[in-house]
Amino acid sequence: QVQLVESGGGLVQAGGSLRLSCAASGRTFSRYAMGWFRQAPGKEREFVAAMPWSGGRTSYADSVKGRFTISRDNAKNTLYLQMNSLKPEDTAIYYCAVDSSRRLSWSVSASASEYDYWGQGTQVTVSS
């Protein structure tokens with residue numbers, strides 16, 4: 001059974017930091033691209049960041065560039081999102097996802113439709 005479990009969300013003041021984790025189990029995700037998406041109330045799910053199976057070409061939404069950093073520890077089958085200088089508009093449920101079509105590939109996608117495994121999400125709330 002494939003499972004992705006996010007953690008690390010919470011309530012933080014504007015300007016603060018949070019580190020999200022996504023623990024993967026049930027499959028060797030170390031060979032696949034992974035990403036973070038978020039969904040705010042009343043809005044569509046949007047791309048945040050993604051990275052290929054092994055470091056290298058990370059991709060970020062313009063709204064988070066320079067503030068968020070995606071990373072992974074393949075030995076632990078865990079994906080991370082370090083979020084600094086948080087803003088109220090970053091408030092959303094954050095989801096991690098796996099793109100199993102990109103096995104050992106250096107490319108990543110910003111399209112949610114290309115990701116086929118999803119976690120249940122973790123709430124991030126940034127107060128002003």
Side-chain angles (χ1 to χ4, degrees):
Q1 188 76 8
V2 173
Q3 189 173 22
L4 299 174
V5 180
E6 300 97 336
S7 61
L11 174 64
V12 64
Q13 289 189 331
S17 299
L18 284 174
R19 189 193 194 202
L20 305 184
S21 298
C22 172
S25 62
R27 193 168 180 175
T28 307
F29 290 105
S30 60
R31 298 183 177 91
Y32 303 105
M34 296 185 71
W36 288 97
F37 291 77
R38 66 187 182 187
Q39 188 166 18
K43 295 187 177 181
E44 292 189 354
R45 190 168 298 190
E46 66 173 2
F47 170 74
V48 175
M51 67 182 299
W53 69 284
S54 179
R57 300 177 185 177
T58 53
S59 177
Y60 295 93
D62 288 342
S63 60
V64 306
K65 275 181 184 176
R67 299 188 298 123
F68 291 10
T69 302
I70 187 172
S71 62
R72 65 194 294 167
D73 184 338
N74 285 339
K76 297 181 179 179
N77 256 5
T78 302
L79 181 73
Y80 303 99
L81 185 68
Q82 178 66 45
M83 305 186 296
N84 299 328
S85 302
L86 283 161
K87 304 175 181 180
E89 51 264 44
D90 294 318
T91 295
I93 299 174
Y94 283 71
Y95 300 89
C96 68
V98 173
D99 179 359
S100 65
S101 71
R102 285 178 165 81
R103 182 180 183 275
L104 299 176
S105 169
W106 297 111
S107 69
V108 296
S109 172
S111 173
S113 63
E114 297 196 33
Y115 290 76
D116 41 3
Y117 297 102
W118 292 84
Q120 83 291 344
T122 185
Q123 177 71 49
V124 172
T125 303
V126 184
S127 62
S128 56

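Bear in mind that the values here come from a model prediction, so they are computed numbers and not experimental data.
- Within the model, atoms CD1 of Ile70 and CD of Gln82 stand 12.5 Å from one another, a figure rounded to the nearest 0.5 Å.
- Every side-chain contact (heavy atoms from CB on, under 4.5 Å) that Lys65 has, sequence neighbours left out, goes to Tyr60, Asp62.
- Transitive grouping of hydrophobic side chains (ILVMFWY, heavy atoms separated by less than 4.5 Å) keeps Met34 and Tyr95 in distinct clusters.
- Glu6 has its side chain within reach of Gln120: a pair of non-hydrogen atoms, C-beta onward, lies under 4.5 Å apart.
- Residue pairs meeting the salt bridge (Lys or Arg N to Asp or Glu O under 4.0 Å) criterion with at least one member in residues 45-58, sequence neighbours excluded, are Arg38-Glu46.
- Each of Met83 and Ile93 belongs to its own hydrophobic cluster when Ile, Leu, Val, Met, Phe, Trp and Tyr are linked at side-chain heavy-atom distances under 4.5 angstrom.
- Trp106 belongs to a hydrophobic cluster with Trp53, Leu104, counting contacts under 4.5 Å between side-chain heavy atoms of Ile, Leu, Val, Met, Phe, Trp and Tyr, direct or through other members.
- Val108 and Val98 fall into different hydrophobic clusters, where Ile, Leu, Val, Met, Phe, Trp and Tyr are joined by side-chain heavy atoms under 4.5 Å apart, directly or via other members.
- Contacts classified as disulfide bond (SG atoms under 2.5 Å apart) and involving residues 49-114 (residues at least two apart or in different chains) are given here: Cys22-Cys96.
- With rounding to the nearest 0.5 Å, the separation of CG in Asn77 from CD in Gln3 is 12.0 Å.
- Scanning both residues, Gly35 and Leu79, for their nearest heavy atoms gives O-CD2, 3.8 Å.
- Evaluation of the disulfide bond (SG atoms under 2.5 Å apart) test over residues 32-94, restricted to residues two or more places apart or in two chains, returns none.
- Residues forming a ring-ring contact (aromatic ring centres under 6.0 Å, His included) with Phe29 (at least two apart in sequence, or on another chain): none.
- Scored by the ring-ring contact (aromatic ring centres under 6.0 Å, His included) test, Phe47 finds Phe37 as partners (sequence neighbours excluded).
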| So Ser111 and Ser113, side-chain hydrogen bond (donor to acceptor under 3.5 Å, both in side chains) or not? Walk me through it. | CA-CA 5 Å; Ser111 173; Ser113 63; 2.8 Å; yes
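- In this structure, the side chain of Asp116 engages the main chain of Ser100 through a donor-acceptor pair within 3.5 Å.
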Solution key, residues 121-128 side-chain donor-acceptor pairs under 3.5 Å, sequence neighbours excluded:
residue: Thr122; atom: OG1; partner: Gly9; partner atom: N; Å: 3.3
residue: Gln123; atom: NE2; partner: Ala92; partner atom: O; Å: 3.4
residue: Gln123; atom: NE2; partner: Thr125; partner atom: OG1; Å: 3.3

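- Applying the side-chain contact (heavy atoms from CB on, under 4.5 Å) rule to Ser107 yields the partners Arg102, Ser105; only residues at least two apart in sequence or on another chain are considered.
- Under the disulfide bond (SG atoms under 2.5 Å apart) criterion, no residue pair touches residues 99-128, with sequence neighbours excluded.
- When the salt bridge (Lys or Arg N to Asp or Glu O under 4.0 Å) test is applied to Arg31, no partner is found at least two apart in sequence or on another chain.
- Within the structure, the disulfide bond (SG atoms under 2.5 Å apart) test picks out no pair touching residues 36-87 (sequence neighbours left out).
- For the atom pair OH (Tyr80) and OG (Ser7), the distance works out to 9.0 Å, reported to the nearest 0.5 Å.
- Note on Tyr115 and Val48: separate hydrophobic clusters, where clusters join Ile, Leu, Val, Met, Phe, Trp and Tyr whose side-chain heavy atoms are under 4.5 Å apart, directly or indirectly.
- Phe68 pairs in a side chain to side chain contact (heavy atoms under 4.5 Å, CB included) with only one of the listed residues (Asn84, Asp90, Leu20, Thr58), which is Asp90.
- Listed here is the closest heavy atom pair of Trp118 and Ala112: CZ2-O, 3.5 Å.
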